[in-house]
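Just so it is clear, the values below take in all heavy atoms, side chains as well, and ignore hydrogens, waters and symmetry mates. None of these values were measured; they are calculated from a predicted model. Labels below follow one simple rule: chain letters A, B, ... track the order of the sequence lines, proteins then strands, and each chain is numbered from 1.
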There are 2 protein chains.
Amino acid sequence: MGETDNSTMTDGSGVARGSGVSLWKQIAEAITAEIAEGRLAPGARLPTEAELAERFGVNRHTLRRALGVLTEQGVIEATPGRGTFVKEVPLHYAIGARTRFSEIVSSEGRAPGGRFLSSQREPAPRDIAERLKIPHGTELLRIEIVREADGVPVVCGTHWYVADRCKDLEFLVAATGSITRALEALGLGDYRRLETRVTARLADETERTLLALPAGRVVMVVESVNGDARRLPIQYTRSRFAADRVQLIVKS
Amino acid sequence: MGETDNSTMTDGSGVARGSGVSLWKQIAEAITAEIAEGRLAPGARLPTEAELAERFGVNRHTLRRALGVLTEQGVIEATPGRGTFVKEVPLHYAIGARTRFSEIVSSEGRAPGGRFLSSQREPAPRDIAERLKIPHGTELLRIEIVREADGVPVVCGTHWYVADRCKDLEFLVAATGSITRALEALGLGDYRRLETRVTARLADETERTLLALPAGRVVMVVESVNGDARRLPIQYTRSRFAADRVQLIVKS
DNA sequence: CCTATTTGTCTATATTAATATACAAATAGC
DNA sequence: GCTATTTGTATATTAATATAGACAAATAGG
C-alpha cells in the first residue's frame with residue numbers, strides 16, 4: 001500500500017526499471033524482436049554502443065551485457081573499430097542425392113568460395129575402405145579443403161578419392177579451381193551422394209582456426225559417401241560445418 | 001565464452017537464478033499460475049511462508065516479496081497466526097431490473113448475510129427528492145446496512161424509503177431480517193430497479209471500517225432508484241461496494 | 001602514417017536483490 | 001489465560017545489477 005507502482009512504466013525507451021526483469025535482459029529481448037521483425041536485417045549494422053545506451057537510457061556497460069548475450073547466442077557479431085552487425089542467416093544446406101556446395105550457396109544468393117589446403121596420397125585406413133567398398137590399403141587421394149559463403153568460412157573437410165577411379169584429380173582441381181568441374185572433366189559429372197551421417201561436437205583447435213570460430217563453438221560432422229552414376233563409390237568425405245552458420249536440411 | 005550458462009537451469013524448484021528475472025517475480029508468477037490452473041482454489045490456504053521458502057529454495061524475505069506482489073494485486077490475503085489464503089473470486093453482481101443481493105450471492109454458491117446499523121426518519125434532501133420524484137422535504141425512512149457473502153462484507157449502503165409508501169418497514173425489516181421479505185409483507189414483492197448510476201473512489205474511513213478494507217482500497221459507489229410494479233419510485237439507495245470483492249455486471 | 005571512430009577491458013562505486021537472525025503481534029486450540 | 005503457530009517487522013550482511021570514467025586495441029579513411 002502506498003508504494004509507487006512503476007512495474008509497467010517504460011519512460012519511452014521500452015525498458016522498465018524495478019520490474020523484476022533486469023535491464024540487460026529487456027534490451028536483449030528488444031533487439032532480438034527488432035531482428036525478428038525485420039527492422040534489423042541480416043548483415044545490417046547496429047547503432048554504436050554509445051547510441052544504443054543512450055536510446056535505451058542505460059549505461060554503456062549495461063547495454064554491452066545485452067549485446068554480450070546476443071553475441072553468445074550468435075545473433076550478432078562485433079568487431080572493434082567497425083561496429084556490431086546482425087549475423088547473416090545460416091546457410092540452408094539441403095542434403096540430397098545431388099548436393100553441390102557451390103550450387104547451394106549460389107541458390108541462397110551468396111557467393112561461394114573456398115581454398116585448398118593440401119592434397120596427398122595415402123593408403124586407405126580400415127573404416128574408410130569399408131565405406132568405399134575397396135580393399136584395406138588401396139591408394140587414396142586425400143584433399144583438405146575449406147569452403148566459404150560470402151567470404152565467411154562455412155565448412156572444412158577432408159575428401160578421400162579412390163585414386164584409380166579418378167586419375168590426375170589433384171591437377172584438375174588445381175586447374176579448374178573446383179571439384180565439381182574437375183570431376184566433370186573426368187566424366188564423373190553426375191556423381192551422387194550415396195549415404196550421409198551427421199553428428200556434432202565442440203570444434204577443436206584446427207577447426208576453430210580454419211573456420212574462424214571462437215572457443216566453445218560447435219561443428220556438425222558430416223560423413224558422406226559419393227558414387228558415380230552406377231552407384232560405384234568414388235569419394236568419402238568428412239566435413240565439419242560451423243553449426244551456427246549452417247542449417248542442414250534433410251528432406252524425407 | 002566459457003561462462004557457465006545457467007540461464008535455463010531450475011534446480012528442480014522452478015526458479016532460475018541469474019536468469020535476468022528476479023526470484024520474487026518468478027515465484028509470484030509461479031503461484032499465480034497455480035491459482036489459474038486451479039491447483040490452488042479460491043479460499044484455499046497456501047503453505048506457510050517457511051514451507052514455501054523452502055520449496056522454492058529461497059529466503060523467507062524473498063518469498064515474502066513475491067507474496068507482497070500478489071497481496072498488492074489482491075490475489076491472496078494473509079492474516080497473522082492464520083496463514084495466507086487465495087482470495088475468493090469477486091462476486092459477480094448482475095445489475096438488472098430484478099436485482100436482489102441475497103439471490104445474487106446465493107446463486108454464486110455463497111452464503112448471504114448482513115447486519116443493520118441504524119434506521120431513522122429524516123426529510124428528503126434536494127437531490128434525493130428529485131430522484132424519487134417527490135417534493136423536497138418529504139419524510140423518508142433512512143436505513144444503514146452492511147451486506148456480506150460468506151461472512152465477508154461486500155457492500156455498505158444507505159437506503160432511503162418514501163415513508164408513506166411503506167409503513168412500518170423498519171419493524172418488518174427487524175422482524176424478518178430481510179428487506180426483500182419486509183417489502184413482500186407490504187405487498188411490494190416485485191419492486192424493480194428503475195435506474196442505476198455507478199462511479200468509484202477511494203474508500204473513506206467509515207467505509208474501510210464497515211467493509212474491513214485496508215487503506216488505499218477502492219469502493220464503487222452505486223446509486224439506484226427502485227420502484228413498485230407501476231414504476232412508482234419507492235426507494236433510493238447509495239451503496240458502496242468493495243471493488244476488489246465485487247464485479248458489477250451490466251448486460252445490455 | 002596519422003587520426004577519428006568504435007569495440008574491448010579495467011577499476012571503482014552506487015543501487016537493488018537476496019540472505020541471515022531475531023523478535024514482535026495476531027491467531028487458534030487447549 | 002497459556003502456548004504453539006504463523007504472519008509482520010527490523011537490522012545487518014552478502015551477492016548481483018547498474019553506473020561512472022578512463023584507457024587500450026582494432027578498424028576505416030584520408
Between [N] ([atom2]) and [X] ([atom1]): distance, integer Å:
X: A:Lys25; N: C:dA17; atom1: NZ; atom2: C1'; result: 16 Å
X: B:Leu63; N: C:dT19; atom1: CG; atom2: P; result: 10 Å
X: A:Glu54; N: D:dA20; atom1: CD; atom2: P; result: 12 Å
X: B:Arg65; N: C:dT16; atom1: CZ; atom2: P; result: 10 Å
X: B:Glu77; N: C:dA26; atom1: CD; atom2: P; result: 16 Å
X: B:Leu23; N: C:dA18; atom1: CG; atom2: C1'; result: 7 Å
X: B:Phe85; N: D:dT7; atom1: CZ; atom2: C1'; result: 11 Å
X: B:Arg17; N: C:dT19; atom1: CZ; atom2: P; result: 5 Å

> Distance check: side-chain N/O of B:Arg82 vs OP1/OP2 of C:dA28, anything under 4.0 Å?
Replying inline: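 Looking at the OP1 and OP2 atoms of C:dA28, one of them is under 4.0 Å from a side-chain N or O of B:Arg82.
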
> Does a nitrogen or oxygen in the side chain of A:Thr84 sit under 4.0 Å from OP1 or OP2 of C:dT6?
Replying inline: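 Result: no.
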
Can you tell me which nucleotide in [options] comes closest to the side chain of [X]?
X: A:Asn59; options: C:dT19, D:dA20, C:dT7; value: D:dA20
X: B:Ala78; options: C:dT7, D:dT7, D:dA18; value: D:dT7
X: A:Glu49; options: D:dT19, D:dT17, C:dT7; value: C:dT7
X: A:Trp24; options: D:dT7, D:dA26, D:dT17; value: D:dT17
X: B:Thr62; options: D:dA26, C:dA18, D:dA22; value: C:dA18

>> Test of understanding: with side chain to side chain contact (heavy atoms under 4.5 Å, CB included), list the residues that count as partners of A:Ala243, not counting sequence neighbours.
In response: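 A:Ala243 satisfies side chain to side chain contact (heavy atoms under 4.5 Å, CB included) with A:Val218, A:Met220 only.
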
> For DNA chain C, whose closest nucleotide is more 5', that of B:Ser22 or that of B:Thr79?
Replying inline: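 Its nearest nucleotide being more 5', the pick is B:Ser22.
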
> Does B:His61 make a side-chain donor-acceptor contact with the base of C:dA17, cut-off 3.5 Å?
Replying inline: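 Flag unset: no donor-acceptor pair detected.
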
> Within the modelled atom types, does a donor on one side and an acceptor on the other bring the side chain of A:Arg60 and the base of C:dG8 under 3.5 Å apart?
Replying inline: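 Side chain to base: pair found, below 3.5 Å.
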
>> Taking the nucleotide of DNA chain D with the nearest heavy atom to each, does B:Thr48 or B:Gly20 sit closer to the 5' end?
In response: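 Going by which nucleotide is closer to the 5' end, it is B:Thr48.
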
>> Here's a test of your reading of the structure: between B:Arg45 and B:Arg64, which maps to the more 5' nucleotide of DNA chain D?
In response: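 First, find each residue's nearest nucleotide; the 5'-ward one identifies B:Arg45.
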
>> A side-chain contact here means heavy atoms from C-beta on lying under 4.5 Å apart; do B:Thr158 and B:Ile143 qualify?
In response: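 They are not in contact (no side-chain heavy atoms under 4.5 Å apart), so the answer is no.
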
>> When you measure from the side chain of A:Arg60 to the backbone of A:Leu52, do you find a donor-acceptor pair of N or O atoms at a distance under 3.5 Å?
In response: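 It does not hold such a pair.
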
> Any side-chain donor paired with an acceptor under 3.5 Å for B:Ser118 and B:Glu144?
Replying inline: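 Their side chains do not contain a donor-acceptor pair, so the 3.5 Å distance test is not met.
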
>> Looking only at side-chain N and O atoms, does B:Gln247 offer a donor or acceptor that is under 3.5 Å from a partner on B:Tyr93?
In response: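 Absent: no donor and acceptor within the cut-off.
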
